[in-house]
Amino acid sequence: AIQAANSQAFLHQLLARNNELRSQYREFCSEFIVSYLPGIAGQRYSPYQLLNHFAVIEQNIYSLLPPENRNRIKPLEAMILLLGIFCHDVGVKRCNEDSVAFPFEDHHEIGSELVYEECQAMRIEPPLVNSVATLVRYHRVLPLDEVPEKHAVQGAEVRIQLLASLLRL
């Protein structure tokens, strides 16, 4: 759904280079759209508006990155960034459940905790949980210089500070 809404879905194209990651992403999306998207939407937004919000984030990242930098993003980094895009507002789900007043000032911290607590239900594979939770936590307000420069994930280095910076855009 997000890919159809975004003609420049470059992260999806990068992810398509790795069948295992693409399969994990599809499992995540099918669970997330059914179980989490309605809770994030609440009464303020429609699930369609949120999917469009996610597509716009990816499009903004594409537009702001020079082509040579887009090409340097690895499929694993694309996967983590896509999961971060989907999960960055997941804390709003708990705020909606607890009837917290808008604008949900702490939703980034709540969302990071929720990623850790519900990663299995969301179908985020264990090696990716820490990186996704970091992106969710730092997608707003908190200083990006507190984010480690790199995470080790599945034997590879992931430029987590760069990904957090991109998500904040």
**Q** Drop me the distance from Leu135's CG to Arg168's CZ, to the nearest 0.5 angstrom.
**A** 11.0 Å

**Q** Atom CG in Leu81, atom CD1 in Ile160: separation rounded to 0.5 Å?
**A**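 The distance works out to 9.0 Å.
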
**Q** Kindly give the heavy-atom pair with the smallest separation between Val115 and Met122, and that separation in Å.
**A**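 Shortest heavy-atom contact: CA-CE, 4.3 Å.
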
**Q** Should we count CD of Gln120 as having more than 12 external heavy atoms under 6.0 Å?
**A** no

**Q** Which salt bridge (Lys or Arg N to Asp or Glu O under 4.0 Å) pairs, counting each pair once, include a residue from residues 15-41, with sequence neighbours left out?
**A** Glu31-Arg123

**Q** Considering only residues two or more places apart or on different chains, which pairs with a residue in residues 143-169 satisfy ring pair (Phe, Tyr, Trp, His ring centres under 6.0 Å)?
**A**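 Passing the test, one end in residues 143-169: no pairs.
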
**Q** Is there any salt bridge (Lys or Arg N to Asp or Glu O under 4.0 Å) pair reaching into residues 59-86, and which pairs are they, with sequence neighbours excluded?
**A**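 Those involving residues 59-86 are Glu77-Arg159.
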
**Q** For Ala41 and Pro47, work out which heavy atoms get closest and say how close.
**A** CB-N, 4.0 Å

**Q** Can you run down the salt bridge (Lys or Arg N to Asp or Glu O under 4.0 Å) pairs that involve residues 141-157, sequence neighbours left out, and say none if there aren't any?
**A**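 Sorted result for residues 141-157: Lys150-Glu157.
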
**Q** Measure the CG-OG distance between Leu163 and Ser131 for me, rounded to the nearest 0.5 Å.
**A**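 Output value for this atom pair is 8.0 Å.
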
**Q** Would Asn60 and Leu169 count as a side-chain contact (heavy atoms from CB on, under 4.5 Å) if you check the C-alpha gap in whole Å, the side-chain angles of each, and the deciding distance to 0.1 Å?
**A** CA-CA 7 Å; Asn60 288 344; Leu169 294 173; 5.6 Å; no

**Q** Between the main-chain N or O of His108 and the side-chain N or O of Ser112, is there a donor-acceptor pair closer than 3.5 Å?
**A**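 No, because the side chain of Ser112 does not come within donor-acceptor range (under 3.5 Å) of the backbone of His108.
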
**Q** State plainly whether one hydrophobic cluster holds both Leu14 and Leu166, where clusters connect Ile, Leu, Val, Met, Phe, Trp and Tyr through side-chain heavy atoms under 4.5 angstrom apart.
**A** yes

**Q** Out of Val153, Leu128, Leu11, Val132, which residue meets the side chain to side chain contact (heavy atoms under 4.5 Å, CB included) rule with Met79?
**A** Leu128

**Q** How are the rings of Phe86 and Phe54 set to each other: parallel, tilted or perpendicular (split at 30° and 60°)?
**A** tilted

**Q** Taking Ser165 for its side chain and Gln161 for its backbone only, find out whether a donor-acceptor pair lies under 3.5 Å.
**A** yes

**Q** Would you give the length of the straight line joining atom CG of Leu83 to atom OH of Tyr25, rounded to the nearest 0.5 angstrom?
**A**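 That separation rounds to 7.5 Å.
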
**Q** Can a donor-acceptor pair be found, under 3.5 Å and without considering hydrogens, that links the side chain of Asn18 to the backbone of Leu21?
**A** yes

**Q** Determine whether Phe10 and Pro67 make a side-chain contact, defined as any pair of heavy atoms from C-beta on separated by less than 4.5 Å.
**A** no

**Q** List the residues meeting side-chain hydrogen bond (donor to acceptor under 3.5 Å, both in side chains) with Glu118, not counting sequence neighbours, and say none if there are none.
**A** Tyr36

**Q** Over all heavy atoms of both residues, which pair between Cys87 and Val136 is shortest? Give the atoms and the distance, please.
**A** O-CG2, 3.5 Å

**Q** Is Ile110 linked to Ile85 within one hydrophobic cluster, defined over Ile, Leu, Val, Met, Phe, Trp and Tyr using a side-chain heavy-atom separation of less than 4.5 Å?
**A**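 Per the 4.5 Å side-chain linkage, Ile110 and Ile85 are not co-clustered.
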
**Q** Would you say that Asn52 contacts Tyr45 through its side chain, given a criterion of any heavy-atom pair below 4.5 Å between the two side chains?
**A**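 Not touching, per the 4.5 Å side-chain cut-off.
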
**Q** Tell me every residue that passes side-chain hydrogen bond (donor to acceptor under 3.5 Å, both in side chains) with Glu117, counting only those two or more places apart in sequence or in another chain.
**A**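 For Glu117, the residues satisfying side-chain hydrogen bond (donor to acceptor under 3.5 Å, both in side chains) (neighbours in sequence not counted) are Arg94.
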
**Q** Check whether any side-chain heavy atom of Ile73 sits under 4.5 Å from a side-chain heavy atom of Leu65, and report yes or no.
**A** yes

**Q** Under a 4.5 Å side-chain heavy-atom rule over Ile, Leu, Val, Met, Phe, Trp and Tyr, are Leu76 and Leu15 clustered together?
**A** yes

**Q** Could you note down all residue pairs passing ring pair (Phe, Tyr, Trp, His ring centres under 6.0 Å) where residues 117-149 supplies at least one of them, sequence neighbours left out?
**A**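 Residue pairs passing ring pair (Phe, Tyr, Trp, His ring centres under 6.0 Å), neighbours aside: His88-His139, His107-His139.
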
**Q** Starting at SG of Cys29, measure out to CD of Gln24 and round the result to the nearest 0.5 Å.
**A** 12.0 Å

**Q** How long is the straight-line distance from CG of Leu64 back to CG of Asn69, given to the nearest 0.5 Å?
**A**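 Between atom CG of Asn69 and atom CG of Leu64 there are 11.5 Å.
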
